[in-house]
Every structure is written in C-alpha cells, then in structure tokens.
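The structure appears right after this line, and notes come after that.
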Protein chains: 2
Amino acid sequence: MRADAKKNYDQLLAVARDVFTEQGADASLRDVARRAGVGLGTLYRHFPTREALLEALLRSSFDALAARAQGLEASGAPDDALLAWLREIIAFTHGHRGVIAPMMNAIEDENSALHASCVSLRAAGAALLARAQAEGHARADLDGAALFDLIAALAWLREQPSHAPRADHLFNVIASAILVDRRRADDSDSGRGTSGNG
Amino acid sequence: MRADAKKNYDQLLAVARDVFTEQGADASLRDVARRAGVGLGTLYRHFPTREALLEALLRSSFDALAARAQGLEASGAPDDALLAWLREIIAFTHGHRGVIAPMMNAIEDENSALHASCVSLRAAGAALLARAQAEGHARADLDGAALFDLIAALAWLREQPSHAPRADHLFNVIASAILVDRRRADDSDSGRGTSGNG
DNA sequence: ACCTGAACACCGTTCAAGT
DNA sequence: ACCTGAACACCGTTCAAGT
C-alpha cells in the first residue's frame, strides 16, 4: 500500500472507531469520511461495505473473544466457563452498539466481510457449549447456532434503553435456560424494582 | 372530519398496511403517501409520527391481544395460558416486521403514540404471569417489564432470517426459562439440524 | 495507484402557498 | 379546514476527472 493510502486507511479506522462509539455502528459513513478529512470515494475504496469497515475495526476483538473461549475451555467448570464467555461477548457487543444486527446478518451470508468472524465466534461458543453438555451442565438440545441466536437476542436487548435496569437479571434468566441444575445461576442482582407493570 | 380528509385518512391507512406488510414498519413514508395518491404533508397532518401511523394501523390488534390475555386469565392452567398468549404476541409481531423496535422504544416514552398500547400489553402479560407465579408455575423473580423484555427479544430474533429454522425451538427454550417444572415444554419441534457450527 | 467530490437516487420533516 | 409539493438537510453509492 502506498504511503498516502496507508495514512488514509489508518485515519479512517481511527475516526470510524470514534464515530461508531458515539453514534453506533449505523452511523453515517459520509460523516466518517468528512471527519477523517478524506473523500467519500476513498472510504469506499478501502472499505467497500460498512461490514468491511466493521470487520477491520473489530477484527482483533473478535480474535480475542475466540481465543478467550479456547482459554476457558481448558479451565474450571464447563458451565462457569460458558457463562464467563457469554458475559464477555455480551459486554463486547454492549460496547459496540449496533454491531449485533450486521453480525446476525453475516452469520449466513458468505459474502459479508463479517462472515468469517461470526462463524469463528459461533464455533468458539459451540465448543464451550459442547463441553458443558458433555458433563450434563447445559441443555442437550442446543447447538452453536442456537447459542448464537440467544447471544444475539441478549445483545439486542442490551441495546434497548428501557431494558437497561434489568440487563443483569435477564442475562441470568437466559443463562438459566441454557444451563441445567443451575436455574438461579449467580442471580443476586438488584435493580429490578416492583414497578413498571402499568 | 371533512369528507375529503376522511377519505385521505382511510386511504393512507390502507396503503400503509400494504407497504408495511411488504417492506416492514420502517418503510418509506414518502412511498406510502405516493402510493396513496396524497401529498406528503397530508400524511404528516394525519399521522405526525411513524408511531402514530403504526398505532392507528395496529390499535385493533393491540386491543385484541389485551382482550385475549384477559380471556386466557379465566381459562385453563396458568402456565398454559401464559404460554398460549406468548405464542400469540410473537405471531403478531412476526406478522408485522419492524414493529418491535418502536414498541420497545415506546414502552418508556410517554410521548410516543404507541406508549399506551405497549403499556396495556405489558399489563396484560403481567397479569398472566402473576397468575402463573401464584401457582408456582413461573419464576418468581420476573415482572411485567421483564416479560416484555423477553417478548421483545424473541420478537426481534424472529425477524432475523438466519434464525428462522430455530424459531419454534428457541421459543420453547425461553418459555422454559419463564416457567418452572416444565423445562422441556412442548418442545417436539424438528428443524434444528446438526450443521451450522462452522 | 490513488484521491476527490459532483451526481444520482433516495430519505424525513417543515411550511408557504394554494383551494 | 384541509391539501400540495417545493425546500432543506440529510443519506448510500458510483464514477468521471484529476494527481
């Protein structure tokens, strides 16, 4: 890559990181180009789709999450490992608002720039799930795809402002649906008041 | 309302029903006005926000769902009643793609035209939930707001094409998380193959 | 080899001008 | 009292023209 191209590429990534953090992963690409001081065509040259930009931005995080799953596979109780990883991936998506929708689209779209990352994450989760199942700690009728669905649903829910006060609680509810003999999980959260039933 | 206004109002609703069915609740309002043969300002006069249009379009369905909950309250086992109602509300949102996001926004926004409908639905679900809890058939640590969150999460998931083959299955998984002593529910669905773990 | 930004085809929303 | 559509401020995406 030519030096000026490299500079633009890096600048676009840095600005996109800021803009997406502020406004979510569906922020205006025009705005990204503008704030990067770069022509709109330059953005599209380096990142032909929004997914390509997201992939470049989040690649290292995806890799870290997959590696983390592998690390957890060799440590501690299978159900604890699965639970810990679920917490991490939900924390990740929560820190990257708007990213779960393109991830969910990408999981079955081989042409998406996010496809490989999502497939890796699904496989990482599937391995943790399989280990928990092998020891009877997780529902036997789930697979990696179902786990990915549940993660996506939780991640989307976590993005909804009205849900915020119950985020920890509902995480545990879903976790309890995945795990067996552990229906109450570590469910010692507060913040779920008695009000709110209209 | 003047006769011509009434005609435009009805025409807009009829066209919006078609357009939203085809393209989802986030379809272009310009397109609705265009296909209704009406000026864009006329649409905004009758329906100042997209939520107002949705509310007018779905009011009778919301009422029916709330009434249905009341009917179910007086019939059969509390857990069956809750489960049946959950199925109905998920079927409803599935038939109205894109409606769950504005509903989730509206639940805590008193200025939204959808607010009252959503609050009614939450209350209807809360009553069914409370009855199931009273007989020990549902997790005691849930309330109407949590149930609404779970419904929204399931509804969003149901909108994702990649999730479609597991829709029935994951409905039962979540249902099992809500109900107690019934972890496997009516979970006799097929269609969750062994593939898909990348 | 790479960059630029005008051009095109869209949006949502407002509001002056009409009937 | 109601309707219209231009106007404004945005999008995503493409591509001829430049360096």
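Just so we're on the same page: letters track the sequence lines, and every chain starts at 1.
- Separating the OH atom of A/Tyr9 from the C1' atom of C/dC3 is a distance of 17 Å, rounded to the nearest angstrom.
- Checked against side chain to side chain donor-acceptor pair (under 3.5 Å), B/Arg45 has no partners two or more places apart in sequence or in another chain.
- Under the side chain to side chain donor-acceptor pair (under 3.5 Å) criterion, A/Arg35 pairs with A/Glu22, sequence neighbours left out.
- Residues forming a side-chain contact (heavy atoms from CB on, under 4.5 Å) with B/Arg131 (at least two apart in sequence, or on another chain): B/Pro78, B/Ala81.
- The distance between atom CG of B/Leu43 and atom C1' of C/dC11, rounded to the nearest whole Å, is 14 Å.
- The phosphate of C/dC3 (OP1 or OP2) has a side-chain N or O of A/His46 nearer than 4.0 angstrom.
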Problem - Protein proximity profile, nucleotides 12-19 of chain C - base contact B, sugar-phosphate-only contact S, no contact -, cut-off 4.0 Å on heavy atoms - result: BBBB----
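- Legend: residues meeting salt bridge (charged side-chain N to carboxylate O under 4.0 Å, His left out) with B/Glu108, ordered by chain and number and at least two apart, are absent.
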Show every donor-acceptor pair shorter than 3.5 Å between a side-chain atom in residues 53-61 of chain A and any protein atom, with sequence neighbours excluded, or say none if there are none.
from    : atom 1 : to      : atom 2 : distance (Å)
A/Glu55 : OE1    : A/Arg59 : NE     : 3.4
A/Glu55 : OE1    : A/Arg59 : NH2    : 3.2
A/Glu55 : OE2    : A/Arg59 : NE     : 3.3

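- With sequence neighbours excluded, no residue forms a side chain to side chain donor-acceptor pair (under 3.5 Å) with A/Asp26.
- If you check D/dC3, C/dC11, D/dC11 against the side chain of B/Arg34, the one that comes closest is C/dC11.
- Remark: A/Lys7 engages no residue in a salt bridge (charged side-chain N to carboxylate O under 4.0 Å, His left out) (not counting sequence neighbours).
- Consecutive Watson-Crick or G-U pairs involving DNA chain D, each under 3.5 Å on both distances, make up stems of three or more pairs at C:4-8 with D:12-16, C:12-16 with D:4-8.
- Applying the 4.0 Å criterion to OP1 and OP2 of C/dC2, one finds that A/Asn8 has every side-chain N and O outside that range.
- If you take CZ of A/Arg45 and P of C/dC2, they are 6 Å apart, rounded to a whole angstrom.
- We find that NZ of A/Lys6 is positioned 18 Å from C1' of C/dC3, with the value rounded to whole Å.
- Within a heavy-atom distance below 4.0 Å of DNA chain C, no residue of residues 103-118 of chain A is found.
- For B/Asn8, the side chain to side chain donor-acceptor pair (under 3.5 Å) criterion is met by no residue, not counting sequence neighbours.
- Side-chain atoms of A/Leu29 and A/Phe47, non-hydrogen and from C-beta on, never get closer than 4.5 Å to each other.
- When side chains are defined from C-beta on, A/Cys118 counts as touching A/Phe148, because their heavy atoms get closer than 4.5 Å.
- The ring-ring contact (aromatic ring centres under 6.0 Å, His included) analysis of residues 93-130 of chain A, with sequence neighbours excluded, yields the pairs A/Phe92-A/His96.
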